[in-house]
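Residue indices begin at 1 and follow the sequence shown. Computed from a predicted model, the values in this text were never measured in an experiment. Both ligands and their constituent atoms are indexed starting at 1 by order of listing.
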Amino acid sequence: MLDGKETDIMMNAATLRELLADAIQRLSDLSKSPRLDAEVLMAAALEQSRSYLLAWPERLPEPEQVARFTAWLERRLLGEPVAYLLGYREFWSLELEVTPDTLIPRPETELLVELALERLSVARSLNIVDLGTGSGAIAMALASERPKACCIATDASPAALVVAQRNAQRLNLTNIAFREGDWCAPLVGERFDLIAANPPYIAAADSHWAMGGLCFEPRAALVAGVDGLDALRKIIAQVPDYLKADGWLVLEHGYDQGESVPALMQEQGFVEVSDHRDAAGWPRTTCGRWPG
Ligand code: GLN
């Protein structure tokens with residue numbers, strides 16, 4: 001039997017390998033990626049890269065580093081997402097600040113960025129909109145890849161816009177303007193070459209809502225009415241007044257909305273409507289051209 005003191009000594013004397021193995025085991029019931037979570041938190045606690053952990057598995061971290069890691073681990077075990085613990089998340093190779101006022105950018109949204117970039121010429125100076133920008137993920141990715149473009153990022157949440165503006169400043173992206181308001185409301189009287197959005201698309205009764213870390217994220221960024229299509233319907237109805245002839249609408253949607261969203265766009269009068277699958281194989285993003 002170990003008394004408290006001996007346990008403390010053992011904890012302080014644990015190697016990176018031992019601390020990580022213990023954390024991975026404790027996280028395995030809760031997280032889909034227990035090793036990644038543990039490594040990312042440990043690397044941040046040590047202010048080192050993840051490769052450092054692999055290079056020095058026998059290192060004994062300082063007690064303050066262990067304390068920081070343990071505090072994050074306990075919060076992670078209560079379901080809090082890693083991105084909120086650290087305050088940032090990487091998207092399109094850009095490090096973005098995220099807070100509980102913003103959705104955590106998802107890897108599947110990089111598909112939307114790819115599809116939008118395919119429709120945005122490098123040579124021309126184009127006008128782009130990201131509706132419901134949240135942390136600014138889509139706007140930042142497009143503005144950094146198309147420095148000649150003028151990008152407008154809207155959000156109904158002033159708190160999210162503050163985070164998005166800080167991200168643009170830190171990344172030195174001067175070609176993004178931020179406007180507060182619901183979907184196209186802040187765009188009255190203007191027309192654009194491309195409008196992108198990753199709106200809320202989860203149905204209110206969907207059990208996914210209670211799963212994983214979703215309950216830590218802003219509900220308004222995730223849930224959209226009984227069938228999850230409320231926001232998508234509004235955007236599809238509004239956008240024709242804001243697109244130039246031959247302008248594009250690129251919309252992310254739920255895994256089970258790969259038929260309904262293209263159908264809504266066709267009914268509205270969009271042409272060349274196509275739906276695209278994400279890396280996990282789920283229908284995820286619809287594109288359509290407004291004939292004008
Ligand atoms: N556009 C942001 C993102 O893709 C926020 C989306 C949202 O809050 N629904 O991460």
Side-chain angles (χ1 to χ4, degrees), residues 81-84 87-117 128-145 151-168 171 173 176-184 186-187 192 194-204 206 208-209 212-225 228-236 239 249-255 257 261 276 278-279 282 284-287:
V82 171
Y84 287 158
Y88 60 84
R89 163 59 56 96
E90 192 158 310
F91 179 81
W92 200 262
S93 303
L94 304 168
E95 191 176 290
L96 297 177
E97 178 191 343
V98 291
T99 74
D101 288 315
T102 66
L103 190 82
I104 299 167
R106 304 295 203 269
E108 52 267 35
T109 305
E110 296 191 339
L111 169 67
L112 179 153
V113 172
E114 280 167 27
L115 292 163
L117 288 175
I128 314 170
V129 178
D130 174 19
L131 296 174
T133 196
S135 64
I138 295 169
M140 309 286 151
L142 296 179
S144 68
E145 295 288 341
C151 192
I152 293 177
T154 76
D155 208 292
S157 156
L161 279 180
V162 169
V163 177
Q165 268 166 307
R166 271 205 299 266
N167 277 324
L171 295 167
L173 294 169
I176 310 177
F178 295 89
R179 296 192 194 163
E180 189 185 323
D182 233 7
W183 309 128
C184 295
L187 308 175
F192 299 88
L194 183 139
I195 297 180
N198 173 24
Y201 50 68
I202 299 178
D206 191 324
H208 283 92
W209 172 240
L214 287 187
C215 56
F216 285 86
E217 295 184 84
R219 190 179 160 87
L222 288 162
V223 176
L229 288 167
D230 277 13
L232 286 157
R233 268 196 215 94
K234 269 191 207 152
I235 292 169
I236 293 167
V239 152
L249 175 60
V250 185
L251 287 177
E252 183 167 322
H253 59 69
Y255 70 97
Q257 295 164 341
V261 175
H276 305 261
D278 63 21
W282 295 108
R284 185 62 64 194
T285 306
T286 309
C287 302

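In this structure, CD1 on I235 lies 8.0 Å from CG on L249, to the nearest 0.5 angstrom. Taken from OG1 in T133 to CZ in R179, the straight-line distance is 13.0 Å, to the nearest 0.5 Å. Rounded to the nearest 0.5 angstrom, L96 CG and R166 CZ are separated by 12.5 Å. Going from atom CG of L111 over to atom NE2 of H276 covers 7.5 Å, rounded to the nearest 0.5 Å.
Within the structure, salt bridge (Lys or Arg N to Asp or Glu O under 4.0 Å) pairs that include any residue of residues 98-116 comprise R106-E217 (at least two apart or interchain).
At a 3.5 angstrom cut-off on N or O pairs, R106 does not count as close to ligand 1.
Remark: ligand 1 atoms within the under-4.0 Å shell around heavy atoms of G132 are 1 (N), 2 (C), 5 (C), 6 (C). Each of the atoms 4 (O) of ligand 1 lies under 4.0 Å from some heavy atom of T109.
The nearest non-hydrogen atom to atom 2 (C) of ligand 1, considering only D130, L103, T133, comes from T133.
If you check which protein heavy atom lies closest to atom 4 (O) of ligand 1, you get N198 ND2, 2.8 Å. In terms of protein heavy-atom proximity, atom 8 (O) of ligand 1 is nearest to A221 CB, 3.2 Å. In terms of protein heavy-atom proximity, atom 10 (O) of ligand 1 is nearest to P105 CA, 3.7 Å.
When heavy-atom distances to ligand 1 are checked against a 4.0 Å cut-off, I104 has no atom that comes that close, whether in backbone or side chain.
Of the options V129, D155, L131, a side-chain contact (heavy atoms from CB on, under 4.5 Å) to W183 is made by L131 and by none of the others.
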